[in-house]
Amino acid sequence: MGTQIPKTFDPKKIEQKWYPYWEREGLFKANPEKGGRAYSIVIPPPNVTGSLHMGHALNNTLQDICIRYRRMDGFNVLWMPGTDHAGIATQNVVEKQLAAEGLTRHDLGREEFIKRVWKWKEIYGGQIIHQLKRLGASCDWSRERFTMDEGLSRAVREVFVRLYMDGLIYKGDYIINWCPRCSTALSDLEVEHQEHASHLYYVQYPLSQGSGGITVATTRPETMLGDTAVAVNPEDERYRELVGLQCILPLVGRALPIIADPYVEPGFGTGALKITPAHDPNDFEIGIRHGLEKLRVIDETGRMNQEAGAFAGLDREECRKEVVEALKQKGLLVKVEPYTHKVGHCQRCGTVIEPTLSKQWFVKVEPLAKEAIRAVREGRIRIIPGKWENDYFAWMENIRDWCISRQIWWGHRIPAWYCLECGALTVASQDPSACSSCGSPALEQESDVLDTWFSSALWPFSTLGWPERTRELEFYYPTSLLVTGFDILTFWVARMIMMGLKFMGEVPFRHVYIHALVRDIEGRKMSKSLGNVIDPLEVIEQYGADAFRFALAAFAAQGRDIKLSMERVEGYRNFMNKLWNAARFVLMNLDQEVLGEPFSFEGNRPLVERWILSRLTRTLTEVREHLDAYRFNEAAGAIYQFLWHEYCDWFLEWIKPSLYRPSHPSEKQRTQAVMLEVLLQVLKVLHPFAPFITEEIWHSIPGRDGSIMNASFPLPRPELLDQKAEAEVQLLQAVVGGIRNLRAEMGIPPGAQLNVVLIPPAGLEALLKEHQEMICTLGRVKDLLVDSKASRPPMAVYSVSETVEIHLLLHGVLELEKEQERLIREKEEIERELEAVRAKLANQGFVQKAPAQVVERVRSKALDLERKSRKLAEGIQRLKDVVRG
RNA sequence: GGGCGGUUAGCUCAGUAGGUCAGAGCGCUGGUCUCACAUACCAGAGGUCGGAGGUUCAACUCCUCCACCGCCUACCA
């Protein structure tokens, strides 16, 4: 007999064994020179500061499934890995480290600080890469990139310069989102809005002329120090006479014009709005429309500046209190109402954003967005599930210019130089030695760096070597698929599409698969503050990477978030163990001869073999279809169902007698060959989901050369489909099920001997007779009589399954009354069903309008039920006869 | 304010293009250590598919309204 493998599956050992093997053998390596059909994915580069969380785990599991599937299916595959320098996030981490030493980045100076960040990156930055390896990710690590690499930095400069030359990058004074903590500008996307319970303050602004005043409502009284107007709606009757007059800004004494602007909602507050163009985006717009002065009163650190007069030096929050107090004393605070509204916070540090007037660099996105919309509209890119396309369009159609400059140090420094002589700007991809305008060598580079997402936007082509025309670019671009979460659809995906179209003249990827969010079991986002984070590495530690990956795939139904808990992974750990033991069984029952021979699909086969091969074929077809459509859960489910409930529960049990007590050695070996072949195919189809265990089992079967990764992904053979065999087995299963059910209902222990008489309709007699042994084995029957003409045995319990009468002979006394009741209950149930079916058939509309196929199906169901009901009636009658004597 | 999504067995969820789709896993109940597996095997209970209308011969599946929950987004201070 065959090889022995351990009784329970130990994931840890095999994970440690196979990942290094794959790397050593170079099985993840991509080579464009080999040609063939290209299939490529670029990884969404995790932040260097990051460590693996559930989102990464899901994201990369799905990518790995796609990649391994295509690789086995004969594609020339590239999975391009790398990390993102994550400007603000990384700078924050290192600054925190410095703070622990009592230092700030300014103590070090720019150059030293950047050195320090690089040093940090070398030490801690690779963490997530190791974690991805634990998961089994089959990236081509030899190509790993970092967004601050020399090559990628060159791409960044090149893109910046070209966009600038095309007039798509400009610098200007605009109101932007300012984080006083990070001390930098942020794009709109980096601002998170949260509800705040706050107050609405009503403040009286006295008129310059005569008595009276105008009351404005504001949530931010401190900004009044920067007010340069008061606005009302032009349609508002209440204020019509005041428009054109002036009022006095309290506490400051400045005269403010009262203007009319349609933006003002008459119904909100008092209908009068104070205008602070330098600290509110809407006021800014109004300011431009009316040519108002823009007066900054809050500085980079969130404190009031000199313009705030008496309040200068105060923090924003402090100042609010003081202003309110001062107004109260002057009797100008009319009232205060509680008010809840949304306030912008810094995505990275949570500080309240200060909208501030500032000189920044912008990308003019509209022309780029137009092309990007077209690419999706025309189907050159497909977003899956399709509903996300709406979000994409909605965002792209209302897109605003993208603020790309950041006032931090860690990142791609903007390739623009100011001439200290003439003030002209030189933008160049190479460091210039002289001013492009006056030729002076006295140049100073822009100190701002670029938004991190600027370099990420280039990722699909910068990682492939752009701006060089590399073989990689030629062969692997456009990439085949992008797998990502919806949260960065706008941040990243949309921008990659814009940049890809602009600089490669072609979309960056064909498909975008948007996966769900992983939540905790109660549906809450996993977050450190909630303490509900499940660490992927702990899951791997406990249940193994394969079980974890399979679980994630099985939960990845399109359009719904995943609620994950350890218990749910456990079930899939059990599945892995099931596979393990099935393999163990196969190995224990393999003859040497079988291992030597290649499997042949030809020849006459007994029912059970035709059946399992047919079922396998269906499973393979389904798995391919589901994977091609990104229905990972369905694909996983199909494999699970087939392996556990068809291969293990029925096939292996069914063939045991012929393995243990074969009538001919050749039959045994033929069966063994099928048993082995089906297992091998399952291993291959399962490999993308569970790479470690499948590799381990693959190698434990003698005669396998090399990695399962080199095996080809099974192609279904349609000639193996056998509907007749499936129908016949279904009937046999029903009969076995009927016997088991009777036994359980009668409370007969599985050990007890059973005698059974089956009375089938004449047409089924041969089939049942032929498979008496199977029925006996699986139904645990000792003596079985199959005879369509047999008379009903007197002392027996009775059931009808698929028109086959099942009589279970009892040795003891049959409680006739009870048995009668049981049959009556069963009959009633059948009758209820029958009634519904009959009503359907009696409905003229149904019979006339429904497709013939459907009507036929209902008719035959009615016949079946009638037959069953009749047989039950006969059984009941017989019992009555027995009782009478 | 706008948009989107969810509401199916005790729990977590499938149900792809209206008619064997009322399903799975876990949990539960009863019975088994049956020579691959107790991380297992066998059997079973359990849902008028959120509510109300409508379309249709036929609706969990399409339409309308309502309720609750969640998300995204926005220029009502």
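Protein chains get the first letters and strands the later ones, always in sequence-line order, with residue 1 at the start of each. Bear in mind that the values here come from a model prediction, so they are computed numbers and not experimental data.
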Review point. Does one side chain, of Tyr205(A) or Asp227(A), offer a donor that lies under 3.5 Å from an acceptor on the other?
Key: yes
Point to revise | Sugar-phosphate only, base, or nothing, as touched by Tyr630(A) at under 4.0 Å among non-hydrogen atoms | key: nothing
Exercise for review: Remember a base hit wins even if backbone is also touched, and classify Gly344(A) as base, sugar-phosphate or nothing at under 4.0 Å, heavy atoms.
Suggested key: nothing
Study note, to complete from the structure: Of the listed A74(B), C57(B), A77(B), the closest approach to the Val264(A) side chain comes from A77(B)
Point to revise | Side chain of Asn843(A) (C-beta onward), nearest among C57(B), C71(B), C75(B) | key: C57(B)
Could you measure between the two [atom1] atoms, the one in [N] and the one in [M], and give it in whole Å?
N	M	atom1	value
C28(B)	G23(B)	P	23 Å
C68(B)	G31(B)	P	47 Å
A36(B)	G44(B)	C1'	26 Å
A24(B)	A14(B)	C1'	7 Å
C35(B)	C41(B)	C1'	14 Å
C63(B)	U16(B)	P	14 Å
C62(B)	C4(B)	P	15 Å
C49(B)	C33(B)	C1'	40 Å

Practice item. Starting from the C-alpha separation in whole Å, work towards a yes-or-no answer on side-chain contact (heavy atoms from CB on, under 4.5 Å) for Ser198(A) and Thr340(A). Key: CA-CA 5 Å; Ser198(A) 175; Thr340(A) 305; over 6 Å; no
How long is the line joining [atom1] of [X] and [atom2] of [N], in whole Å?
X	N	atom1	atom2	result
Asp280(A)	C76(B)	CG	P	10 Å
Leu489(A)	C4(B)	CG	C1'	13 Å
Ile286(A)	A77(B)	CD1	C1'	9 Å
His341(A)	C75(B)	NE2	C1'	14 Å
His199(A)	A77(B)	NE2	C1'	16 Å
Asn398(A)	U73(B)	CG	C1'	10 Å
Glu337(A)	A77(B)	CD	C1'	13 Å
Glu397(A)	U73(B)	CD	C1'	14 Å

Review point. Sequence neighbours excluded, which residues qualify as side chain to side chain contact (heavy atoms under 4.5 Å, CB included) partners of Glu337(A)?
Key: Leu200(A), Tyr202(A), Lys335(A)
Study note, to complete from the structure: Taken in chain and number order and not counting sequence neighbours, the residues that satisfy side chain to side chain contact (heavy atoms under 4.5 Å, CB included) with Glu726(A) are Trp611(A), Ser614(A), Arg615(A), Arg618(A)
Partner residues of [X] under the salt bridge (Lys or Arg N to Asp or Glu O under 4.0 Å) criterion, sequence neighbours left out:
X	value
Glu570(A)	none
Asp401(A)	none
Arg573(A)	none
Arg859(A)	none

Check your understanding: Looking at Tyr339(A) versus Phe268(A), is the centre-to-centre ring distance below 6.0 Å?
Key -> yes
Practice item. For A17(B), decide between syn and anti, treating a glycosidic angle within 90° of 0 as syn. Key: syn
Check your understanding: Where each pair must be Watson-Crick or G-U wobble with both distances under 3.5 Å, what dot-bracket representation of RNA chain B is obtained, with crossing pairs in [ ] and other-strand partners as |?
Key -> (((((((..((((.....[...)))).(((((.......))))).....(((((..]....))))))))))))....
Check your understanding: Starting at the 5' end of RNA chain B, which residue's closest nucleotide do you reach first, Thr270(A) or Tyr640(A)?
Key -> Tyr640(A)
Revision key, fill the gap. Note: for Gly271(A) and Gly845(A) on RNA chain B, the residue whose nearest nucleotide lies more 5' is Gly845(A)
Point to revise | Residues that Phe9(A) engages under ring-ring contact (aromatic ring centres under 6.0 Å, His included), provided they are two or more places apart | key: Trp580(A)
Exercise for review: Classify every nucleotide of nucleotides 32-46 of chain B by which part a protein heavy atom approaches to under 4.0 Å, writing B for the base, S for the sugar-phosphate alone and - for neither, in 5'-to-3' order.
Suggested key: --B-BBSBSSSSS--
Review point. When you check every protein heavy atom under 4.0 Å of nucleotides 15-20 of chain B, what one-letter string (B, S, -) results, 5' to 3'?
Key: SB--BB
Point to revise | Partner residues of Asn843(A) under the side chain to side chain donor-acceptor pair (under 3.5 Å) criterion, sequence neighbours left out | key: none
Practice item. Return yes if some donor-acceptor pair links the side-chain N/O of Asn741(A) with the main-chain N/O of Gly737(A) below 3.5 Å, else return no. Key: no
Ignoring hydrogens and angles, write down the donor-acceptor pairs under 3.5 Å from the side chains of residues 847-854 of chain A, residues two or more places apart or on other chains.
residue, atom, partner, partner atom, Å
Gln848(A), NE2, Gln844(A), OE1, 3.2

